[in-house]
A.B. asks: 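Take this structure first; my questions come after.
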Amino acid sequence: MHNKADKLKKSKAPQAKVDERIKDRVPPGQMVTERFPILHEGEVPVYDLSQWRLRIFGEVETERTFTLEELQALPRTSVTCDIHCVTRWSKLDTTWEGIRFRDFLQLLDVKPEANYVMFHADENYDTNVPMEDLLHDDVLLAFNYDGKPLTDKHGYPLRMVVPHLYFWKSAKWLQGIEFMKEDRPGFWERNGFHNYADPFREQRFSGEDLPIPEDEWTKKEFD
Ligand SMILES: Nc1nc2c(c(=O)[nH]1)N[C@H]1C(S)=C(S)[C@@H](COP(=O)(O)O)O[C@H]1N2
Ligand SMILES: [Mo]
């Protein structure tokens with residue numbers, strides 16, 4: 001009997017030896033980092049918090065603005081989740097605290113035809129997410145990371161956390177939430193990135209792969 005093929009099939013390639021506990025949590029093409037990379041377009045904004053407002057507009061019965069104090073007075077939820085950036089880093093077990101997006105919706109008169117949301121943020125950043133994705137339990141308007149207020153570079157005073165999509169969908173320095181009937185692409189979505197961005201299906205790009213070096217993220221700032 002020639003059982004070499006069978007033996008080979010049963011032997012494990014050394015590089016396939018991924019930590020079993022995290023295997024299912026790391027999407028294809030991603031590398032796990034313990035550090036926290038800092039990625040954004042433009043400068044880190046500096047705010048006068050007395051002037052800071054979150055604006056709610058689009059497909060709503062009444063447009064609203066919230067001060068930071070008003071938002072901070074709302075009931076909070078804590079979420080521990082994995083995050084995945086399209087530049088190939090993933091960070092496991094990140095803990096955030098803030099307002100669950102689904103709970104926040106209860107305070108707004110959103111029209112039933114609002115099927116998409118555009119998050120508007122500094123500096124000139126925007127990103128679109130379907131409404132149904134924002135109803136997941138772990139989608140937050142986050143004030144805190146790891147038990148402390150967000151640092152300036154990670155989005156202080158308020159950012160989105162949408163863990164199940166590539167992290168560009170999680171806008172830092174949130175300024176406005178626009179409810180929309182029809183979908184519309186945001187900043188990266190207009191610039192060659194995937195409209196939906198599921199990391200487990202490797203939905204990185206909308207057309208041809210963009211030439212992002214595999215070690216791109218290692219050259220960025222971290223904390
Ligand atoms: N306002 C704003 N939010 C943003 C971005 C940005 O350029 N501007 N970049 C996105 C991208 S590509 C990523 S990976 C995450 C990075 O968040 P972090 O710097 O806290 O790791 O923020 C997202 N949110
Ligand atoms: Mo990213």
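Predicted model only: the values in this text are computed from it and were never measured.
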A.B. asks: What orientation do Trp217 and Phe222 show, parallel under 30°, tilted 30 to 60°, or perpendicular over 60°?
C.D. replies: perpendicular
A.B. asks: Under the rule for side chain to side chain donor-acceptor pair (under 3.5 Å), what residues qualify as partners of Asp24, not counting sequence neighbours?
C.D. replies: none
A.B. asks: Drop me the distance from Leu68's CG to Tyr47's OH, to the nearest 0.5 angstrom.
C.D. replies: 10.5 Å
A.B. asks: Within a radius of less than 6.0 Å around CG of Asn124, do more than 12 heavy atoms belonging to other residues, nucleotides or ligands occur?
C.D. replies: no
A.B. asks: How long is the straight-line distance from CD1 of Ile38 back to NE2 of His154, given to the nearest 0.5 Å?
C.D. replies: 4.0 Å
A.B. asks: When you measure from the side chain of Glu178 to the backbone N and O of Arg55, does any donor-acceptor pair fall under 3.5 Å?
C.D. replies: no
A.B. asks: Report yes if some heavy atom in the side chain of Leu108 is under 4.5 Å from a heavy atom in the side chain of Phe66; otherwise report no.
C.D. replies: yes
A.B. asks: Can you measure from CE (Met118) to CG (Asp183) and round to the nearest 0.5 angstrom?
C.D. replies: 7.5 Å
A.B. asks: Determine, stepwise, if the pair Ile212 / Arg204 fulfils side-chain contact (heavy atoms from CB on, under 4.5 Å).
C.D. replies: CA-CA 11 Å; Ile212 299 175; Arg204 297 176 195 273; over 6 Å; no
A.B. asks: Can you hop from Val161 to Leu92 via hydrophobic side chains spaced under 4.5 Å?
C.D. replies: no
A.B. asks: Does Lys91 reach the main-chain N or O of His84 with its side chain, forming a donor-acceptor pair under 3.5 Å?
C.D. replies: no
A.B. asks: Salt bridge check, Asp137 against Arg102: does any charged N sit closer than 4.0 Å to a carboxylate O?
C.D. replies: yes
A.B. asks: If we ignore hydrogens and angles and just use 3.5 Å, is the side chain of Asp198 paired with the main-chain N or O of Gln203 as donor and acceptor?
C.D. replies: no
A.B. asks: Could you go through residues 69-81 and list every donor-acceptor pair under 3.5 Å that involves a side-chain atom there, pairing it with any protein atom two or more places apart or in another chain?
C.D. replies:
residue: Glu70; atom: OE1; partner: Thr67; partner atom: N; Å: 2.8
residue: Glu70; atom: OE1; partner: Thr67; partner atom: OG1; Å: 3.4
residue: Thr80; atom: OG1; partner: Thr95; partner atom: OG1; Å: 2.9

A.B. asks: At their closest point, which heavy atom of Phe200 faces which heavy atom of Val26, and how far apart are they?
C.D. replies: CE2-C, 4.2 Å
A.B. asks: Hey, is the main chain of Gly58 close enough, under 3.5 Å, to the side chain of Lys111 for a donor-acceptor pair?
C.D. replies: no
A.B. asks: Give a yes or no answer on whether the side chain of Arg159 reaches the backbone of Ser170 with a donor-acceptor pair at less than 3.5 Å.
C.D. replies: yes
A.B. asks: OH/Tyr116 to CG/Asp133 distance, rounded to the nearest 0.5 angstrom?
C.D. replies: 10.0 Å
A.B. asks: Quick one, Trp96 with Leu150, criterion side-chain contact (heavy atoms from CB on, under 4.5 Å). Give me CA distance, side-chain angles, the key distance, then yes/no.
C.D. replies: CA-CA 9 Å; Trp96 307 85; Leu150 294 172; 3.7 Å; yes
A.B. asks: How close do Glu59 and Ala114 get, heavy atom to heavy atom, and via which atoms?
C.D. replies: CB-CB, 3.9 Å
A.B. asks: With rounding to the nearest 0.5 angstrom, report the NE2 to CG distance, His136 to Leu140.
C.D. replies: 13.0 Å
A.B. asks: Testing Phe167, Trp173, Phe187 one by one against His40 for a ring pair (Phe, Tyr, Trp, His ring centres under 6.0 Å), which residue passes?
C.D. replies: Trp173
A.B. asks: Which heavy atom in Trp89 sits nearest to a heavy atom in Ile83, and how many Å separate them?
C.D. replies: CZ3-CD1, 3.9 Å
A.B. asks: Give a yes or no on whether Leu165 and Phe101 share a hydrophobic cluster (residues Ile, Leu, Val, Met, Phe, Trp, Tyr; joining criterion: side-chain heavy atoms under 4.5 Å apart).
C.D. replies: yes
A.B. asks: With a 4.5 Å limit on heavy-atom distance, are the side chains of Thr87 and Lys219 in contact?
C.D. replies: no
A.B. asks: Ignoring hydrogens, what is the shortest heavy-atom contact between Leu107 and Arg64? Give both atom names and the distance.
C.D. replies: O-NH1, 3.1 Å
A.B. asks: Let me confirm one number: the CG-CD distance from Leu39 to Glu221, rounded to the nearest 0.5 Å.
C.D. replies: 10.0 Å
A.B. asks: For Gly176 and Leu54, which heavy atoms make the closest approach, and how far apart are they?
C.D. replies: N-CD1, 3.7 Å
A.B. asks: Does this structure show an ion pair linking Glu189 with Lys169, if we count only N-O contacts that are shorter than 4.0 Å?
C.D. replies: yes
A.B. asks: Could you please spell out the steps behind the side-chain contact (heavy atoms from CB on, under 4.5 Å) verdict for Val129 and Met160?
C.D. replies: CA-CA 11 Å; Val129 181; Met160 285 304 299; over 6 Å; no
A.B. asks: Please walk me through it: do Lys153 and Phe36 pass side-chain contact (heavy atoms from CB on, under 4.5 Å)?
C.D. replies: CA-CA 11 Å; Lys153 290 173 180 176; Phe36 196 174; over 6 Å; no
A.B. asks: With no hydrogens and no angle check, is any side-chain donor or acceptor of Asp82 less than 3.5 Å from a backbone partner on Asp93?
C.D. replies: yes
A.B. asks: Would you check if the side chain of Glu63 reaches a backbone N or O of Ile56 as a donor-acceptor pair within less than 3.5 Å?
C.D. replies: no
A.B. asks: Check for me, please, whether Met131 and Val139 land in the same ILVMFWY cluster - side-chain distances under 4.5 Å, paths through other members count.
C.D. replies: yes
A.B. asks: If you count the non-hydrogen atoms of other residues, nucleotides and ligands that lie under 6.0 Å from CD in Glu113, is the total more than 12?
C.D. replies: yes
A.B. asks: Under a 4.5 Å cut-off applied to non-hydrogen side-chain atoms, are Ile177 and Phe119 in contact?
C.D. replies: yes
A.B. asks: Do Glu202 and Tyr166 have side chains that approach each other closer than 4.5 Å (heavy atoms only, starting at C-beta)?
C.D. replies: yes
A.B. asks: Between Gly98 and Phe143, what is the shortest heavy-atom contact and its length?
C.D. replies: CA-CD1, 3.9 Å
A.B. asks: Please enumerate all residues that pass ring pair (Phe, Tyr, Trp, His ring centres under 6.0 Å) together with Phe193, with sequence neighbours excluded.
C.D. replies: Trp168, Trp188, Phe205
A.B. asks: Is the side chain of Arg88 donor-acceptor paired with the backbone N or O of Met31 at a distance under 3.5 Å, no angle test?
C.D. replies: no
A.B. asks: Do Leu158 and Leu49 share a hydrophobic cluster, counting only Ile, Leu, Val, Met, Phe, Trp and Tyr and linking them when any side-chain heavy atoms are less than 4.5 Å apart?
C.D. replies: yes
A.B. asks: Is it the case that one hydrophobic cluster holds both Tyr125 and Tyr156, taking links as side-chain heavy atoms less than 4.5 Å apart, direct or via other members?
C.D. replies: no
